[in-house]
Student: 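Here's a structure for you.
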Amino acid sequence: MKVLLKNYVTGKATERDMEVVATEAVELKVPEGSKDTIVLKNLYLSCDPYMRSRMTKHDTPSYVPDFVPGEIIVGYGVSKVVDSTHPDFKVGELVWGMIGWEEYSLISNPQNFFKINHPEIPLSHYTGILGMPGVTAYVGFHEIAAPKKGEYVFVSAAAGAVGQLVGQFAKLMGCYVVGSAGSDEKVELLKNKFGFDDAFNYKKESDLNLALQRFFPQGIDIYFENVGGAMLEAVLENMRLHGRIATCGMISQYNLVEPDGIRNLLQIVAKRIRMEGFVVFDYFANYYKFEEMTVQYIKEGKITYVEDIVEGLENAPTALIGLYEGRNIGKKVVVVSRE
């Protein structure tokens with residue numbers, strides 16, 4: 001079984017833009033004569049917002065290539081090595097990296113895969129807190145935003161795979177943290193599970209500028225940007241002098257044919273705001289250091305993580321589309337096989 005992109009998408013993506021097809025019997029051996037190649041049994045797939053952009057044809061190349069209609073969708077996932085001609089990867093080892101949305105993947109030159117050093121932690125966590133979203137949260141907050149103890153931090157899409165971690169990293173730093181989310185259930189999760197100082201349901205706010213004034217009467221030092229659009233406009237009005245905006249993504253824009261124009265940009269000048277975008281794989285060189293630190297946080301109970309798990313590769317298209325409709329609570333994970 002595998003998941004294909006049926007056609008390029010303009011506007012809102014739906015499950016109909018993907019197709020689940022049966023596959024013929026797979027030879028679970030590296031082809032004769034292939035060097036530095038591995039065969040993977042895929043266990044968990046990561047549904048991530050950036051994947052929507054890859055479903056659209058771009059005249060100007062983006063930082064990741066577009067998917068191709070009729071070909072398999074790819075994304076981050078957790079796998080087990082079932083055959084290998086690569087000296088660094090042994091049969092039976094667990095890894096995470098970029099894999100196809102299929103039951104088994106043949107990977108040539110797997111130098112961009114990471115070995116899983118802590119299988120005692122739930123393996124699904126390597127799609128989230130110990131995978132790409134975890135590194136994104138850590139880098140964006142600690143290296144891009146450069147926080148100081150006591151600063152005022154705002155996180156949008158705060159109940160998602162990245163946002164829930166940013167808030168917890170901020171609390172460990174001694175910051176004041178408020179998050180926004182799209183349901184009352186998510187708001188309660190932010191306050192009672194992840195330890196945010198406060199949170200609000202942006203769908204219930206008629207004026208986002210006034211909402212931010214209510215939660216940040218002294219202004220915002222750090223904004224972790226996951227949303228864009230009207231939320232970014234409101235944040236710019238409420239930033240403090242020398243504030244920092246770490247720009248991870250803008251999920252409100254991914255299904256739009258024409259992106260929203262952003263007003264209030266002069267605030268960047270007036271308030272000396274530094275707004276910086278980043279791409280996580282620029283920072284993967286220090287992954288194993290991050291893994292050890294975060295595993296320790298998990299084992300000490302300093303960080304918790306919530307996953308929204310869907311069983312079955314056949315349900316992957318619905319799981320992915322649910323991200324853009326706010327149906328997920330926590331990190332969306334698709335289980336292909338539990339071994």
Side-chain angles (χ1 to χ4, degrees), residues 38 40-48 75-81 88-90 92-99 110-145 147 149 153 155 158-175 177 179 189-190 193-196 224 246 248 278 280-309 328-339:
I38 58 177
L40 298 177
K41 179 180 182 180
N42 298 327
L43 307 178
Y44 297 92
L45 301 177
S46 176
C47 293
D48 295 301
Y76 287 102
V78 173
S79 308
K80 184 176 183 178
V81 179
D88 295 335
F89 294 90
K90 306 293 189 295
E93 289 184 327
L94 295 162
V95 298
W96 72 269
M98 191 69 74
I99 58 176
Q111 62 268 22
N112 293 324
F113 278 74
F114 297 95
K115 292 185 181 181
I116 291 174
N117 292 318
H118 290 277
E120 73 276 12
I121 303 294
L123 291 179
S124 56
H125 279 18
Y126 281 87
T127 69
I129 184 172
L130 292 172
M132 181 274 290
V135 182
T136 300
Y138 186 83
V139 166
F141 183 65
H142 285 286
E143 298 195 25
I144 306 298
K149 182 178 180 179
V153 177
V155 185
V162 174
Q164 59 176 292
L165 293 172
V166 174
Q168 292 179 84
F169 287 143
K171 289 307 299 177
L172 288 171
M173 277 288 299
C175 297
V177 188
L189 193 68
L190 293 175
K193 178 77 171 179
F194 301 134
F196 283 58
F224 200 99
C248 164
F278 67 100
V280 66
F281 46 69
D282 290 342
Y283 298 86
F284 276 163
N286 292 324
Y287 171 72
Y288 290 113
K289 179 180 177 182
F290 164 81
E291 180 190 29
E292 292 305 315
M293 177 200 70
T294 307
V295 164
Q296 195 61 33
Y297 280 152
I298 294 170
K299 290 182 175 180
E300 293 174 356
K302 292 181 178 179
I303 286 182
T304 189
Y305 201 62
V306 170
E307 295 172 327
D308 192 335
I309 293 179
N328 62 300
I329 297 178
K331 169 64 189 173
K332 180 66 79 174
V333 182
V334 176
V335 179
V336 181
S337 173
R338 293 185 183 272
E339 299 242 37

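What you see is a predicted model; the values in this text were computed from it and never measured.
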Student: Residues two or more places apart in sequence or in another chain: which of them pass ring pair (Phe, Tyr, Trp, His ring centres under 6.0 Å) with F114?
Tutor: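 In terms of ring pair (Phe, Tyr, Trp, His ring centres under 6.0 Å), with neighbours along the sequence ignored, F114 is linked to W96, F284, Y287, Y288.
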Student: On a heavy-atom basis, which atom in K41 and which in S337 lie closest, and how many Å separate them?
Tutor: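 The pair with the smallest heavy-atom distance is CE-OG, 3.4 Å.
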Student: Taking side chain as C-beta onward, heavy atoms only, is I298 less than 4.5 Å from L130?
Tutor: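 A side-chain contact exists here, since the closest heavy-atom pair is under 4.5 Å.
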Student: So which of F290, F196, Y138 actually passes ring pair (Phe, Tyr, Trp, His ring centres under 6.0 Å) with F169?
Tutor: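 Answer to the ring pair (Phe, Tyr, Trp, His ring centres under 6.0 Å) test with F169 among F290, F196, Y138: Y138.
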Student: Provide the closest heavy-atom pair for S124 versus V333 in the form atom of the first, atom of the second, distance.
Tutor: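 Scanning both residues, the minimum pair turns out to be CB-CG1, 4.3 Å.
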Student: Work out which heavy atom in V334 is nearest to a heavy atom in C47; give both atom names and the distance.
Tutor: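 Answer, listing the atom of V334 first, then C47: CG2-SG, 3.8 Å.
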Student: Less than 4.5 Å apart, any side-chain heavy atom of C175 and any of F141?
Tutor: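 In contact.
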Student: Would you say the side chain of L45 lies within less than 4.5 Å of the side chain of I99, judging by non-hydrogen atoms?
Tutor: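 The answer is yes, as the side chains (C-beta and beyond) meet within the 4.5 Å cut-off.
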Student: Ignoring hydrogens, what is the shortest heavy-atom contact between G179 and A158? Give both atom names and the distance.
Tutor: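 Looking at all heavy atoms of both residues, the closest pair is CA-CB, 3.7 Å.
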Student: Over all heavy atoms of both residues, which pair between V335 and Y44 is shortest? Give the atoms and the distance, please.
Tutor: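 That closest heavy-atom pairing would be CG2-CE2, 3.7 Å.
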Student: For the residue pair F89 and F113, is the inter-centroid distance of their aromatic rings smaller than 6.0 Å?
Tutor: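 Between F113 and F89, which both carry aromatic rings, the centre distance is not below 6.0 Å.
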Student: I'd like to know if the side chain of Q164 pairs up with that of Q168 as donor and acceptor (distance under 3.5 Å, no hydrogens or angles considered).
Tutor: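 Checked: Q164/Q168 side chains show no N/O donor-acceptor pair below 3.5 Å.
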Student: Evaluate the side-chain proximity of K193 to T304: yes if any heavy-atom separation is below 4.5 Å, no if none is.
Tutor: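 When only atoms from C-beta onward are counted, K193 and T304 do touch, with a gap below 4.5 Å.
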Student: Over all heavy atoms of both residues, which pair between A137 and L165 is shortest? Give the atoms and the distance, please.
Tutor: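 Looks like CB-CB, 3.7 Å.
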Student: Indicate yes or no: at least one non-hydrogen side-chain atom of K331 is less than 4.5 angstrom from one of D308.
Tutor: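 Result no, sub-4.5 Å side-chain heavy-atom pair not found.
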Student: Would you find more than 12 non-hydrogen atoms of other residues, nucleotides or ligands less than 6.0 Å from K80 atom NZ?
Tutor: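 12 or below, so no.
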Student: Quick one: salt bridge (charged side-chain N to carboxylate O under 4.0 Å, His left out) pairs with a partner in residues 113-128, sequence neighbours left out?
Tutor: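 Found E93-K115, E120-K299.
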Student: Can you confirm whether more than 12 heavy atoms, excluding those of K302, are under 6.0 Å from its NZ atom?
Tutor: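 Count not over threshold, so no.
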Student: If we only count heavy atoms from C-beta on, is the L94 to S79 side-chain gap below 4.5 Å?
Tutor: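 They are not in side-chain contact.
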Student: Do V95 and I116 have side-chain heavy atoms sitting under 4.5 Å apart?
Tutor: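 Answer no - side chains too far apart.
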Student: Are E143 and F278 packed together at the side-chain level, in the sense that at least one heavy-atom pair is separated by less than 4.5 angstrom?
Tutor: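 A side-chain contact under 4.5 Å is absent here.
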